[in-house]
Amino acid sequence: MTKVIVRADDLGYSEAVNLGIEKTVKDGIINNVGVMVNMPATQHGLDLLTGTNVCLGCHTVICAGRPLTDPKLIPSITTPDGYFKPSKVYRSAKHDFVNLDEVIIEIEAQYQRFVTLTGHKPGYFEGHAVVSDNFIKGLQLVAEKHGVRFLNFSFDGTPTPLNGKKLYVAMESMQPNYDPLVTLKKMALAPHTDGYGVMVCHPGYLDNYILTHSSLTIPRTQEVAMLCSDETRDWLKENDIELIRYDEV
């Protein structure tokens with residue numbers, strides 16, 4: 001039997017996203033969910049998943065919404081009006097402007113908020129949308145401090161370590177002509193004797209907030225449909241593929 005991980009990111013981003021993720025957990029194949037703890041819809045999302053057997057992770061944010069920390073203490077990652085700098089600012093930067101000491105303050109605050117909201121440590125710990133060396137280093141340091149599973153970024157196919165295993169990550173939702181079932185099949189059938197394939201999804205429905213704040217729209221709905229379809233379940237069963245949680249690695 002082949003074991004793979006399928007993960008849903010962005011719980012809390014908006015109520016529509018939350019409802020889409022709820023669908024993929026209750027009627028679909030998702031058993032790992034990343035929580036954005038700084039957003040207004042976070043509690044709504046967690047309430048929807050009450051009683052479900054999912055591995056909840058801390059999907060740490062420094063590019064959406066407001067920080068949990070006083071913005072004056074973390075000026076390298078915030079705007080003058082108190083919001084996080086948007087992801088396009090990070091993508092267009094010629095150097096890593098994230099101050100390590102500052103970002104650690106916010107990462108720690110989000111870790112503590114996760115524990116307060118859920119009553120337990122996150123099953124895994126990683127970041128949302130931003131590739132910054134100092135952000136990644138800060139995530140790793142806070143994860144090590146609290147003894148939680150740190151998931152590194154990997155967008156080029158390079159495997160990342162977790163508990164002595166290697167994770168081979170596929171995240172193709174921003175690519176043209178995206179077909180989530182094709183991505184799932186490709187990820188699940190790739191031979192890995194030293195670890196597991198991972199598909200990172202962003203399932204959700206669409207509302208005004210997402211349409212005005214996220215560049216990822218239609219693929220979210222495509223992923224909800226794929227993750228909940230009988231075709232997907234049948235294919236996994238036919239190919240003897242088991243879906244596992246991060247806390248089982």
Side-chain angles (χ1 to χ4, degrees), residues 4-50 52 54-65 83-84 86-88 90-91 124 126-131 151 153-155 169-188 197-233 235-236 243 245-246:
V4 301
I5 296 171
V6 182
R7 176 177 111 214
D9 284 353
D10 294 355
L11 188 78
Y13 209 158
S14 78
E15 291 192 1
V17 166
N18 293 343
L19 291 168
I21 293 175
E22 178 195 24
K23 176 75 172 177
T24 66
V25 170
K26 294 181 177 179
D27 299 331
I29 66 171
I30 287 296
N31 57 6
N32 299 278
V33 175
V35 185
M36 302 169 76
V37 300
N38 69 310
M39 303 297 284
T42 300
Q43 188 62 59
H44 172 264
L46 289 172
D47 289 345
L48 292 175
L49 298 187
T50 299
T52 60
V54 294
C55 178
L56 294 177
C58 188
H59 191 51
T60 314
V61 182
I62 61 168
C63 65
Y83 286 86
F84 281 126
S87 57
K88 62 182 179 181
Y90 294 89
R91 290 195 299 268
Y124 58 94
E126 43 83 40
H128 169 75
V130 172
V131 179
L151 306 183
F153 289 81
S154 177
F155 299 116
V169 179
M171 189 178 74
E172 300 181 344
S173 53
M174 296 296 288
Q175 295 187 8
N177 303 313
Y178 175 55
D179 184 330
L181 184 55
V182 170
T183 299
L184 175 65
K185 290 179 177 180
K186 181 173 60 177
M187 178 276 295
V198 178
M199 182 177 178
V200 178
C201 301
H202 301 82
Y205 298 128
L206 305 179
D207 55 16
N208 185 65
Y209 186 86
I210 284 298
L211 292 173
T212 56
H213 287 80
S214 175
S215 58
L216 186 62
T217 56
I218 297 300
R220 295 182 187 273
T221 65
Q222 293 174 313
E223 289 181 343
V224 172
M226 183 277 288
L227 294 165
C228 296
S229 75
D230 290 337
E231 180 184 1
T232 299
R233 290 183 181 277
W235 185 86
L236 292 170
L243 301 172
R245 299 162 33 134
Y246 279 109

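Because only heavy atoms are used, hydrogens play no part in the values below, and waters and symmetry mates are left out as well, while side chains stay in. Nothing here was measured: the structure is a model prediction, and the numbers come from that model.
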Worksheet entry | Residues Asp47, Gln43; criterion side chain to side chain donor-acceptor pair (under 3.5 Å); working and verdict | CA-CA 6 Å; Asp47 289 345; Gln43 188 62 59; 2.8 Å; yes
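- The main-chain N or O of Cys63 is never found under 3.5 Å from a side-chain atom of Tyr83 such that the two would form a donor-acceptor pair.
- When atom types are taken as modelled, the side chain of Lys26 and the backbone of Thr52 share no donor-acceptor pair closer than 3.5 angstrom.
- The salt bridge (charged side-chain N to carboxylate O under 4.0 Å, His left out) search around Arg220 returns Asp10, not counting sequence neighbours.
- Annotation: Tyr209, atom OH; neighbour count of heavy atoms from other residues, nucleotides and ligands within 6.0 Å is above 12.
- Here the side chain of Asn31 pairs no donor or acceptor atom with the backbone of Val54 at under 3.5 angstrom.
- A donor-acceptor pair under 3.5 Å links the side-chain atoms of Thr42 to the main chain of Met36, judged by distance alone.
- Looking only at distances, a side-chain donor or acceptor of Tyr90 sits under 3.5 Å from a matching main-chain atom of Ile62.
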Practice prompt. Start with the C-alpha gap between Met171 and Phe153, add the side-chain angles, then the distance that decides, and say whether side chain to side chain contact (heavy atoms under 4.5 Å, CB included) holds.
Written response: CA-CA 11 Å; Met171 189 178 74; Phe153 289 81; over 6 Å; no
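- A distance of 10.0 Å separates OH in Tyr13 from CG in Asn38, rounded to the nearest 0.5 Å.
- Of the options Glu223, Gln222, Glu172, a side-chain hydrogen bond (donor to acceptor under 3.5 Å, both in side chains) to Tyr178 is made by Glu223 and by none of the others.
- Aromatic ring orientation, His59 versus His128: perpendicular (interplanar angle above 60°, classes split at 30° and 60°).
- Judged as a side-chain hydrogen bond (donor to acceptor under 3.5 Å, both in side chains), and not counting sequence neighbours, the contacts of Ser14 are Asp207.
- Going from atom CG of Leu243 over to atom CD1 of Ile29 covers 5.0 Å, rounded to the nearest 0.5 Å.
- In terms of modelled atom types and a separation under 3.5 Å, the side chain of Arg245 and the main chain of Leu56 share no donor-acceptor contact.
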